[in-house]
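Below is one structure; the comments refer to it alone.
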Amino acid sequence: AQTVTQSQPEMSVQEAETVTLSCTYDTSESDYYLFWYKQPPSRQMILVIRQEAYKQQNATENRFSVNFQKAAKSFSLKISDSQLGDAAMYFCAYRDTNDYKLSFGAGTTVTVRA
Amino acid sequence: GAGVSQSPRYKVAKRGQDVALRCDPISGHVSLFWYQQALGQGPEFLTYFQNEAQLDKSGLPSDRFFAERPEGSVSTLKIQRTQQEDSAVYLCASSSQIYPNYGYTFGSGTRLTVV
């Protein structure tokens with residue numbers, strides 16, 4: 001099974017500032033998908049951004065962007081211009097191209113200070 | 001429906017009781033997943049259905065856990081003789097694809113507390 005590691009249990013950011021969440025993963029596969037999910041107190045996991053491993057270009061979705069370093073097996077999430085609504089738990093997840101299961105990291109709790 | 005619906009939202013069970021958790025996936029979604037999320041942790045895979053067929057139950061922690069999806073739509077996760085270690089949030093997710101390139105749509109989960 002693949003291992004996804006999020007080494008930051010908690011991160012705090014001032015409103016309008018930028019925060020970066022780290023994620024590393026372990027795999028022997030060359031083709032796979034990586035995801036960042038947001039889980040607010042409502043508990044529903046919401047897809048924030050995804051990256052296909054065969055694409056070198058880093059994915060961007062509005063204020064959210066990733067830094068995908070395939071050789072280093074690193075997939076960090078940058079939240080720019082942080083808003084109060086960004087406060088949540090964020091999970092990094094991995095899926096093999098030929099598998100249907102997602103493997104999740106332990107999560108990072110993001111707090112946004114007004 | 002518009003999203004994945006799970007019920008009940010909260011469930012308190014006495015140790016040894018049986019519980020049944022329901023998941024209504026998005027209409028027409030062929031893939032349905034159950035995950036278990038312990039407090040402060042990431043979700044862990046339990047089981048996978050493709051239509052009514054349970055293709056993978058490798059993540060079920062014991063034979064006290066049983067899942068079904070008899071008509072390929074609604075799914076039920078049943079836990080028999082609940083134990084304190086079963087306390088967790090149980091998340092259901094569905095996808096229109098077998099290999100969901102865009103991830104899944106998750107429900108809001110059922111928080112099970114065993115006392």
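Everything numeric in this text was worked out from a predicted model, so none of it was measured. Proteins come first, then strands; the chains are lettered A, B, ... in the order of their sequence lines, and each starts at number 1.
Both Leu112(B) and Trp34(B) are assigned to one and the same hydrophobic cluster, defined by single-linkage of ILVMFWY side chains at heavy-atom distances under 4.5 Å. Cluster membership check: Phe33(B) shares its hydrophobic cluster with Leu55(B), using side-chain heavy-atom separations under 4.5 Å among Ile, Leu, Val, Met, Phe, Trp and Tyr. Placement of Leu60(B) and Phe66(B) in two distinct hydrophobic clusters is found when ILVMFWY residues are connected by side-chain heavy-atom separations under 4.5 Å, directly or transitively. Val89(B) and Phe65(B) end up in different hydrophobic clusters when Ile, Leu, Val, Met, Phe, Trp and Tyr side chains are linked at under 4.5 Å. The hydrophobic clustering, which links ILVMFWY residues whose side-chain heavy atoms are closer than 4.5 Å, places Val30(B) and Leu32(B) apart.
The greatest number of non-hydrogen atom pairs below 4.5 Å with chain A, out of Thr105(B), Asp56(B), Leu91(B), is found for Asp56(B).
For Phe91(A), the part sitting under 4.5 Å from any heavy atom of chain B is the side chain, from C-beta outward, and nothing else. Heavy atoms closer than 4.5 Å to chain B are found nowhere in Thr109(A), neither backbone nor side chain.
Within residues 35-69 of chain A, the residues that have a heavy atom under 4.5 Å from a heavy atom of chain B are Phe35(A), Tyr37(A), Gln39(A), Pro41(A), Ser42(A), Arg43(A), Gln44(A), Met45(A), Leu47(A), Arg50(A), listed by number. Below 4.5 Å, heavy atoms of chain A meet heavy atoms from Tyr35(B), Gln37(B), Gly40(B), Gln41(B), Gly42(B), Pro43(B), Phe45(B), Tyr48(B), all part of residues 35-49 of chain B.
Applying the 6.0 Å contact sphere to NZ of Lys70(A) captures more than 12 heavy atoms from other residues, nucleotides or ligands. Residue Arg15(B) qualifies as open at atom CZ: its count of foreign heavy atoms under 6.0 Å is 12 or below. Under a cut-off of 6.0 angstrom, the local environment of CD in Glu71(B) is sparse, with at most 12 non-hydrogen atoms contributed by other residues, nucleotides or ligands.
With hydrogens and angles ignored, the 3.5 Å screen pairs a side-chain donor or acceptor of Tyr104(B) with a backbone N or O of Leu102(A).
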